[in-house]
Asker: 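Right, I'll just put the structure down here and ask away after.
This one's a predicted model, so the numbers in the text were calculated from it and none came from an experiment. Residue numbers start from 1 in every chain, and the chains themselves are labelled A, B, ... in the order their sequence lines are given, proteins ahead of strands. Side chains included, hydrogens not; waters and symmetry mates left out as well; all remaining heavy atoms used.
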Amino acid sequence: MTGSIRQRLDEAMKEAARAIGVDGDMPDLELARAKSADRGEYASSAGMKLARALKQPPQQIASRLAATLQVPGGAARVEAVGGYVNFRLTPQWLQELVTHVAAIGPRYGATDIGRGERLQVEFASINPTGPLHIGHGRGTILGDSICRLLEFTGHQVQREYYVNSDNTQTRRFGASVYARLHGKVPPEGGYTGEYVIEIAEMARRDLPHIEQLPEEEAEPQLRMYAMQKVVEQIRATVARLNIRYDEWFWENWLWEKGLPQRAIDRLRESGYLKERDGALWFGPALQELEDDGAVHKELAEEEDRVVIRSNGQPTYFASDLGYLLSRFEDRGFNRVVEVWGSDHHGYVPRMKSAAAALGIDPAKLVVILHQMVNLKEGKMSKRAGRFVTLDELIDRVGSDPVRYFYLLRSPDTTIEFDLELAVAQSNENPVYYAQYAHARLANVEATAVEKHPRLPEQADVSLLVEPWELDVARQLAFWPEVVEDAVRLLEPHRIPYYVQDLATAVHRFYHAGNEKSEHRVVVDDERLTRARLELCRAARHTLKTALDLMGVSAPDRM
RNA sequence: GCCCCGCUAGCUCAGUUGGAUAGAGCAUCUGCCUUCUAAGCAGAGGGUCGGGGGUUCGAGUCCCUCGCGGGGCACCA
């Protein structure tokens, strides 16, 4: 069994369409989940879609399709209603699915569509100038979950944190540490948080004679020291959320390897750099402007960007040019996924243009944008020390609810964050609903084995006939397509919504046994117990797999 | 001024390339624990999908326009 049942039904539909005379391009037959359960699980509007091509009324087409369709494995009964073709999964197929899922367990829903593609996901590369706050939680959790999805579907993923080491912000940070070291208030635009004082005290202890050095010598040392301290802290914070990075890639490594220089040389040769007002700018090559054939369509409309300032200092953009070479050429990733806050959205066309100008296919640079997290009380500011740290949120709510909370929202929505409300509502967090379903299954499975030490090896799944039992199996049938959609669109928020549905089916199934003891999993009849145990195992594995993809734990007891 | 995102039930939000009667959680109200976990189950109420045009067999979904909110438009990152 490979791929989702949705996909197999879609293929069967297309075959049937060919058989009744559709030639040439096959329109999308829009086979999708039926919105109402009494129409079955899947429905296609193929009758309407093909009406023009076949010059027949939709009802007639739908009827002919339904009569022609060969559903693989007898998975579904087909019915034509109006111009629609409806599919109803058969109990036999659902029962066999339970056996299949129980057998392969954690691998159910996994695919090899990535075919081992090497790709890098770079996410939450926040300037290491202070602790992570709740806004940063979004990118880290989103990025990590995207990694988990990609790994689950056959990609070879490297998780990277890009550490900006030499820019205006980090220099201000260094200057702030320097000021605190000498008992002074950080300069205008500096970092005034308490933690800067603590870092200054650590530096006093760890860096001998640092106090005697003039600022121009002390600041770079203090800056690197302080950023290393902050990076350690960030590493610890994300670890609490079940997140680890494979690489913490420092910006200064790029310059040590000469990568920005290499990029600049290449761009200069191909005409993408020009000097103006004493600075070096990146923009479309003159030739291309005349030909109206810029390397990337947005580039023509973009304003030129400074690469080297008139004072000789490179901008972050120069580093980013080298960073592109580092990843696509030096380290050979086939694709790079960037997870950025929407405040960087204007930077997307520029980076794509830069990639194209360097000879890198811009489609291989995939940028996932997410909207911001705003504090209800007002805008957060790291420099002003006005923020709620991610650590505080985890302390007060716990890692699992925090991850679930962020993952539930599509990246496109802005989050208005209210800490007190989050803490007050943490007990209502839907994560517990899902985890409780998992724990219940684990518990009942243990009870079954305890009561019946000699259960049959094989389950007779044809005994799973109750509606609430088949409903669980039905939810299991949907899992592969949820994974397909989530990874295709790189949208992890689809996972928790699925988990909610599966957990609901599980709770109903379990509760049937509270209503009537003969509907329990553990009954006197060993064959029946064994069949229901099979269903428990299949559902529990799938719940666990889904929770794993979210980085949320699946406890056996609650 | 230009660009991006959002506006769906009291609140927070789902709704894949347009498909049949618009969903979930929370909150509110009503029932359900002597026996496998009540962090659960069953039921009820709650909607002009921001406003207005358009495209078509069909629009929450696509196009235009207006409004409101968030974010961008540096020799900052």
Side-chain angles (χ1 to χ4, degrees), chain A residues 28 30 32-36 38-39 43-45 47-49 51-52 58 81-84 86 125-127 164 167-170 172 189 276-281 301-303 305-311 313-317 319-320 341-349 369-372 374 405 408-416 421 425 427-437 439-448 450-451 481 484-486 488-489 491 493-494 496-497 500-501 503-504 506-508 510-515 517 519-523 529 532 536 557-558:
Chain A
D28 188 344
E30 293 201 1
R33 285 271 290 285
K35 284 190 176 165
S36 171
D38 53 336
R39 295 190 204 113
S44 162
S45 49
M48 275 76 78
K49 291 291 171 201
R52 192 169 306 164
V81 180
Y84 296 90
N86 294 339
S125 298
I126 301 124
N127 276 333
N164 285 281
N167 58 47
T168 309
Q169 295 307 318
T170 56
R172 279 176 178 167
R276 191 185 344 132
D277 305 330
L280 192 62
W281 302 70
E301 288 127 48
E302 278 282 312
E303 288 180 23
R305 292 293 304 192
V306 169
V307 181
I308 307 286
R309 298 183 180 94
S310 52
N311 65 7
Q313 276 198 338
T315 64
Y316 66 94
F317 188 56
S319 295
D320 284 343
S342 64
D343 52 340
H344 288 76
H345 92 269
Y347 199 47
V348 175
L369 295 171
H370 62 83
Q371 294 298 311
M372 313 308 289
N374 294 326
F405 172 82
L408 264 173
R409 279 156 185 80
S410 109
D412 288 337
T413 62
T414 305
I415 296 178
E416 290 291 326
L421 198 64
Q425 291 184 347
N427 282 335
E428 267 78 55
N429 191 301
V431 72
Y432 298 117
Y433 184 80
Q435 291 179 321
Y436 189 56
R440 270 183 149 178
L441 292 173
N443 182 66
V444 76
E445 286 173 45
T447 307
E450 192 183 318
K451 290 270 173 62
E481 74 202 37
E484 277 172 15
D485 291 342
R488 177 170 50 86
L489 303 165
E491 289 183 351
H493 74 272
R494 292 163 185 279
Y497 283 95
Q500 173 72 29
D501 289 343
T504 296
V506 166
H507 283 306
R508 282 181 185 155
Y510 184 91
H511 192 262
N514 287 352
E515 294 283 324
S517 57
H519 293 144
R520 291 176 176 230
V521 173
V522 185
V523 288
T529 301
R532 289 173 181 166
C536 290
R557 310 188 71 84
M558 282 178 75

Asker: Taking the side chain of A:M558 as heavy atoms from C-beta outward, which of B:A39, B:C76, B:U35 is closest to it?
Answerer: B:A39
Asker: Using a cut-off of strictly less than 4.0 Å, decide whether A:R440 has a side-chain nitrogen or oxygen near OP1 or OP2 of B:A38.
Answerer: yes
Asker: Could you check whether the side chain of A:Y436 and the base of B:A39 have a donor-acceptor pair of N or O atoms closer than 3.5 Å, going by distance alone?
Answerer: no
Asker: Send over the distance from A:N429 CG to B:C11 P, rounded to a whole Å.
Answerer: 21 Å
Asker: Strictly below 4.0 Å: does A:R494 bring a side-chain N or O up to OP1 or OP2 of B:G15?
Answerer: yes
Asker: OP1 or OP2 of B:A14 less than 4.0 angstrom from a side-chain nitrogen or oxygen of A:T413, does that happen here?
Answerer: yes
Asker: What is the distance from CG of A:D485 to P of B:G15, rounded to the nearest Å?
Answerer: 11 Å
Asker: Of all the choices, B:G72, B:A39, B:U35, which nucleotide is nearest to the side chain of A:R520 once you look at every atom?
Answerer: B:U35
Asker: Could you give the CZ-to-P distance, from A:F405 to B:G25, as a whole number of Å?
Answerer: 18 Å
Asker: Nearest to the side chain of A:M372, which nucleotide is it out of B:G71, B:G15, B:A77?
Answerer: B:G71
Asker: Nearest to the side chain of A:E30, heavy atoms from C-beta on, is which of B:G18, B:G70, B:C76?
Answerer: B:G18
Asker: Would you say A:H493 reaches B:G15's phosphate, i.e. side-chain N/O to OP1/OP2 under 4.0 Å?
Answerer: yes
Asker: Closest to the A:H511 side chain: B:G40, B:G71, B:U35?
Answerer: B:G40
Asker: Taking only the P atom of each, what is the distance from B:A77 to B:G72 in whole angstrom?
Answerer: 15 Å
Asker: Would you say A:N514 places a side-chain N or O within less than 4.0 Å of OP1 or OP2 belonging to B:A38?
Answerer: yes
Asker: About how many Å separate CG of A:D412 and CD of A:Q371, when rounded to the nearest 0.5 Å?
Answerer: 6.5 Å
Asker: Between P on B:C57 and CZ on A:R52, what's the gap in Å once rounded to a whole number?
Answerer: 7 Å
Asker: Under 4.0 Å between a side-chain N or O of A:Y347 and OP1 or OP2 of B:C3?
Answerer: no
Asker: Determine the contact category for A:K35: base if any of its heavy atoms lies under 4.0 Å from a base atom, sugar-phosphate if only primed atoms, P, OP1 or OP2 are that close, otherwise nothing.
Answerer: base
Asker: Looking at B:G6, which nucleotide sits across from it as a Watson-Crick or G-U wobble partner, both distances under 3.5 angstrom, or is there none?
Answerer: B:C68
Asker: Has A:R409 got its NZ or CZ under 6.0 Å from the middle of the six-membered ring of A:F405, at an angle within 45 degrees of the ring axis?
Answerer: yes
Asker: Quick one: label A:S410 by what it contacts on the DNA or RNA (base, sugar-phosphate, nothing), any heavy atom closer than 4.0 Å.
Answerer: sugar-phosphate
Asker: Classify the side-chain pair A:T170/A:N167 by whether it contains a donor and acceptor separated by less than 3.5 Å.
Answerer: yes
Asker: Which atoms form the tightest heavy-atom contact between A:T529 and A:V523, and what is the distance?
Answerer: OG1-O, 3.0 Å
Asker: Provide, to the nearest angstrom, the distance between the CD atom belonging to A:E515 and the C1' atom belonging to B:G31.
Answerer: 11 Å
Asker: Distance check needed: B:A27 P versus A:N427 CG, whole Å only.
Answerer: 11 Å
Asker: Counting C-beta onward and ignoring hydrogens, is there a side-chain heavy-atom pair between A:S310 and A:D277 closer than 4.5 Å?
Answerer: no
Asker: Measure the distance from NE2 on A:H519 to P on B:G40 and round it to the nearest whole Å.
Answerer: 23 Å
Asker: Decide whether A:T168 and A:Y316 meet the rule of one side-chain donor and one side-chain acceptor closer than 3.5 Å.
Answerer: no
Asker: So, does A:S45 get its side chain near the phosphate of B:G18, meaning an N or O under 4.0 Å from OP1 or OP2?
Answerer: no
Asker: When the nearest nucleotide of RNA chain B is assigned to A:A439 and to A:Y316 on a heavy-atom basis, which residue is associated with the more 5' position?
Answerer: A:A439
Asker: Could you check whether A:Y510 and the base of B:C36 form a stacked pair, meaning centres closer than 5.5 Å and planes differing by less than 30°?
Answerer: yes
Asker: Answer yes or no for this row: A:Y84 ring on B:A20 base, centroids under 5.5 Å, planes under 30°.
Answerer: yes
Asker: Determine whether a donor-acceptor pair (one donor, one acceptor, N or O, separation below 3.5 Å) exists between the side chain of A:D320 and the base of B:A77.
Answerer: no
Asker: Distance criterion of 3.5 Å, no angle test: do you see the side chain of A:S310 paired donor-to-acceptor with the base of B:C75?
Answerer: yes
Asker: With no hydrogens and no angle check, just 3.5 Å: does a side-chain donor-acceptor pair link A:R440 and A:H507?
Answerer: yes
Asker: Please work out if A:H345 contacts a base, only the sugar-phosphate, or nothing of the nucleic acid, heavy-atom cut-off 4.0 Å.
Answerer: base
